[in-house]
Amino acid sequence: QGAIRKGSAFLAAQADMDFHRAIYLASGNRTLLDIWDKMSRKILIAVGLRVPNTKVYEDHEKLLSILKSNDSVKFKEALLPHVQECLTVE
């Protein structure tokens, strides 16, 4: 959120990349992490060129809160709309 307040698309995108990497690392899924590490730089460039979408970062806060509660069902329910939102962002 700090990067968004500063108006920095690149810093917001970097925070987004860090968030996703932390989730994939915590999952213990090495294949997913390897794929992310290969793709993230290209995604960073694409996302960093756009105006930050505050909804995406609000979703991250919500997802992180759900993860901390260890409610995997609620996490899966919240994840799908987040992914769909990210895919439709212009």
Check your understanding: Closest approach of Asn29 and Leu32, non-hydrogen atoms and distance?
Key ->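 For Asn29 and Leu32, the tightest heavy-atom pair comes out as OD1-N, 3.0 Å.
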Practice item. Under the side-chain hydrogen bond (donor to acceptor under 3.5 Å, both in side chains) rule, collect the residues that match up with Gln14, sequence neighbours excluded. Key: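 Partners of Gln14 under the side-chain hydrogen bond (donor to acceptor under 3.5 Å, both in side chains) test: Asp18.
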Exercise for review: State yes or no: do Val83 and Ile35 share one hydrophobic cluster built from I, L, V, M, F, W and Y residues joined by side-chain heavy-atom distances below 4.5 Å, directly or via other members?
Suggested key: yes
Validation: residues 69-76 side-chain donor-acceptor distances under 3.5 Å, sequence neighbours left out:
from  : atom 1 : to    : atom 2 : distance (Å)
Ser69 : OG     : Ile66 : O      : 2.6
Asp71 : OD1    : Val73 : N      : 3.3
Asp71 : OD1    : Lys74 : N      : 3.0

Just distance, no hydrogens or angles: give the donor-acceptor pairs under 3.5 Å from side chains in residues 36-45, sequence neighbours left out.
from  : atom 1 : to    : atom 2 : distance (Å)
Asp37 : OD1    : Arg21 : NE     : 2.9
Asp37 : OD2    : Arg21 : NH2    : 3.1
Ser40 : OG     : Trp36 : O      : 3.2

**Study point:** Minimum side-chain heavy-atom gap His60-Leu64 below 4.5 Å
**Key:**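 No; the side chains remain at least 4.5 Å from each other.
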Exercise for review: Apply side-chain contact (heavy atoms from CB on, under 4.5 Å) to the pair Leu63 and Ile23, showing each step before the final yes or no.
Suggested key: CA-CA 10 Å; Leu63 289 167; Ile23 297 294; over 6 Å; no
Exercise for review: Tell me, please, which residues at least two apart from Asp59 pass salt bridge (charged side-chain N to carboxylate O under 4.0 Å, His left out).
Suggested key: Lys55
